[in-house]
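Since the structure is predicted, the reported quantities are computational estimates derived from the model, not experimental observations.
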Amino acid sequence: MSNEVEIGRGKRARVAYSFDDIAIVPSRRTRDAADVSTGWQIDAYYLDIPVMAAPMDSVSSPATAIEMGRLGGVGVLDLEGVWTRYEDPSTLLDEIAQLAPDEAGRRMQDIYRAPIRPELITARLEEIRDAGVTVAGALSPQRTQEHWRTVVEAGCDLFVIRGTTVSAEHVSSNREPLNLKRFIYELDVPVIVGGAVTYTAALHLMRTGAAGVLAGYGGGASSANRRTIGVSAPMATIVADIAAARRDYLDESSGRYVHVIADGAVSTSGDIVKALACGADGVMLGTALARAAEAPGQGWHWGAEARHPRLPRGERVHVGTAGTMEQILFGPAHTAEGKLNLIGALRHALASSGYSEVKEFQRVGIVVQES
């Protein structure tokens, strides 16, 4: 049932909730945290933790993608970022970290004007593959037709098509849009696509044959969509809606399960817990991992929205450094900020609610907390 309010005589609006508006309510038996599994099987790939590192230059480099794989998750490399435009982008990343706030936007636009080099796409993905971890790379819908063959031939295990808003029915009068259904059908590599923020959009993406759908716009702390184009994503409602689309598509397709991955506003351990409680199978982390000592952003965080050549819808923000990637995921934590030991907190939430695995935890009770 739609929960609507009247915002004026000529307009009604649906009430939606962010992760800050809700909390889980343990109501079953408890169990020992040592008996809890955080494993995640997505297509043919088993992950020890339900975590993907976001394809953002402030988060994912070949080295951090390898480290994320070693720690049990999967790192997704932005194949339109500095790592595929420059042979050695380290000096540019140093520069971005030192830019004055009023200079950052213009200079980042300059840096990202360099062309994408297919040979660097191949080299970066092969570097990750040689480390023996799951290989994942991301392209925007606009660049997918141009570079997908290079990505697949380099040996990508999971192909992510990620944009601010991705639909199965993009209309364009000046170029042939990506036909997702045909593209995914002809591809042997499992595809994760998004973002989607409505039940209908997610259901259409599931019908393309995608292995997973990104729920949310991504960007997190580095996005300014609401300020620039009036768009926002209350994530608790979005994840719950898209989880409902997954359930209905499961019936419609006679048993084909599509994974829902919360992508956006997942910054603390509590956010992860609530995203999974709303129905997500996994989470894509940006801000949380941009705080890692190894992160290429050096305590700064930005996404593709911040470097758009004509209309930036994001910005470079300072998130600081909380600890190593291993400490962020597995602790120990020294404060109650929810920035360290993310997986330990998830295990505790499952155990205190009586659930032994993430899939079961999707049934946990939730309450709305009025602010």
Under 3.5 Å, side chain of [X] to main-chain N/O of [Y], donor-acceptor pair present?
X: Ser60; Y: Ala54; value: yes
X: Glu95; Y: Ala97; value: no
X: Thr237; Y: Tyr17; value: yes
X: Glu146; Y: Arg143; value: no
X: Tyr249; Y: Leu205; value: no
X: Arg316; Y: Leu99; value: yes
X: His147; Y: Thr150; value: no
X: Thr268; Y: Glu337; value: no
X: Lys274; Y: Ala236; value: no
X: Gln109; Y: His308; value: yes

Among pairs that include at least one residue of residues 286-304, which meet salt bridge (Lys or Arg N to Asp or Glu O under 4.0 Å), considering only residues two or more places apart or in two chains? none
Tell me which pairs pass salt bridge (Lys or Arg N to Asp or Glu O under 4.0 Å) where either residue lies in residues 317-330, with sequence neighbours left out. Arg70-Glu326
If you define the side chain from C-beta out and look only at heavy atoms, does anything of [X] sit under 4.5 Å from [Y]?
X: Arg207; Y: Glu252; result: yes
X: Ile192; Y: Ile42; result: yes
X: Val76; Y: Arg162; result: no
X: Leu214; Y: Val160; result: yes
X: His204; Y: Thr208; result: no
X: Val273; Y: Phe19; result: no
X: Leu93; Y: Ser61; result: no
X: Thr38; Y: Pro50; result: yes

How many angstroms lie between atom [atom1] of [X] and atom [atom2] of [Y], to the nearest 0.5 angstrom?
X: Lys359; Y: Leu276; atom1: NZ; atom2: CG; result: 10.5 Å
X: Ile49; Y: Leu329; atom1: CD1; atom2: CG; result: 4.5 Å
X: Leu79; Y: Ile116; atom1: CG; atom2: CD1; result: 8.5 Å
X: Ile184; Y: Asn179; atom1: CD1; atom2: CG; result: 9.5 Å
X: Ile242; Y: Met206; atom1: CD1; atom2: CE; result: 6.5 Å
X: Ile121; Y: Thr84; atom1: CD1; atom2: OG1; result: 5.5 Å

Should Tyr355 and Arg363 be marked as a side chain to side chain contact (heavy atoms under 4.5 Å, CB included) after you check the CA-CA gap, both sets of side-chain angles, and the distance that decides it? CA-CA 9 Å; Tyr355 296 96; Arg363 301 196 298 265; 4.2 Å; yes
Just checking Arg113: does its CZ atom have more than 12 heavy atoms from other residues, nucleotides or ligands closer to it than 6.0 angstrom? yes
Do you know which of Val213, Leu203, Asp281 makes side-chain contact (heavy atoms from CB on, under 4.5 Å) with Arg246? Asp281
Taking only residues two or more places apart in sequence, or in another chain, which ones meet Glu6 in a salt bridge (charged side-chain N to carboxylate O under 4.0 Å, His left out)?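 Scan of Glu6 (salt bridge (charged side-chain N to carboxylate O under 4.0 Å, His left out), adjacent residues dropped) gives none.
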Just to verify, what does Arg12 make a salt bridge (charged side-chain N to carboxylate O under 4.0 Å, His left out) with, not counting sequence neighbours?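 With sequence neighbours excluded, Arg12 shows a salt bridge (charged side-chain N to carboxylate O under 4.0 Å, His left out) to Glu4, given in chain and number order.
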Going by the rule side chain to side chain donor-acceptor pair (under 3.5 Å), which residues pair with Trp40 if we only count those two or more places apart in sequence or in a different chain? His259
Search all heavy atoms of [X] against all heavy atoms of [Y] and return the closest pair with its distance.
X: Val283; Y: Ile261; result: C-CG2, 3.8 Å
X: Ser352; Y: Pro26; result: O-CB, 3.5 Å
X: Arg124; Y: Glu87; result: NH2-O, 2.8 Å
X: Pro190; Y: Ala211; result: CB-CB, 3.9 Å
X: Ser140; Y: Ile161; result: C-CG2, 4.4 Å
X: Arg129; Y: Ala154; result: NE-O, 4.0 Å

Are Arg85 and Asp57 close enough, and set up right, to give a salt bridge (Lys or Arg N to Asp or Glu O under 4.0 Å), and what steps lead you there? CA-CA 12 Å; Arg85 297 174 191 260; Asp57 279 344; over 6 Å; no
What about [X] and [Y], same hydrophobic cluster or not, with Ile/Leu/Val/Met/Phe/Trp/Tyr joined at side-chain heavy-atom distances under 4.5 Å?
X: Leu311; Y: Tyr217; value: yes
X: Trp83; Y: Val133; value: yes
X: Met284; Y: Ile272; value: no
X: Leu180; Y: Leu158; value: no
X: Leu125; Y: Leu120; value: no

Applying side-chain hydrogen bond (donor to acceptor under 3.5 Å, both in side chains) as the test, list every pair that has at least one member in residues 341-350; sequence neighbours left out. none
Would you please test Asp35 and Arg29 for salt bridge (Lys or Arg N to Asp or Glu O under 4.0 Å) and show each step? CA-CA 13 Å; Asp35 297 330; Arg29 63 186 180 275; over 6 Å; no
Side chain to side chain contact (heavy atoms under 4.5 Å, CB included) for Val51 and Ile343? Distances and angles first, verdict last. CA-CA 9 Å; Val51 172; Ile343 303 304; 4.0 Å; yes
Where do Ile22 and Cys278 land on the side chain to side chain contact (heavy atoms under 4.5 Å, CB included) test, with the steps shown first? CA-CA 10 Å; Ile22 66 167; Cys278 286; 3.5 Å; yes
Taking it one step at a time, do Asp21 and Ser18 satisfy side-chain hydrogen bond (donor to acceptor under 3.5 Å, both in side chains)? CA-CA 5 Å; Asp21 296 323; Ser18 70; 3.2 Å; yes
Salt bridge or not for Arg117 and Glu119, using N-O below 4.0 Å? yes
Ignoring hydrogens and geometry beyond distance, is a side-chain donor-acceptor pair present between Ser90 and Asp88 at under 3.5 Å? yes
Residue pair Ser58, Trp302: steps toward the side chain to side chain contact (heavy atoms under 4.5 Å, CB included) verdict: CA-CA 6 Å; Ser58 52; Trp302 65 93; 3.7 Å; yes
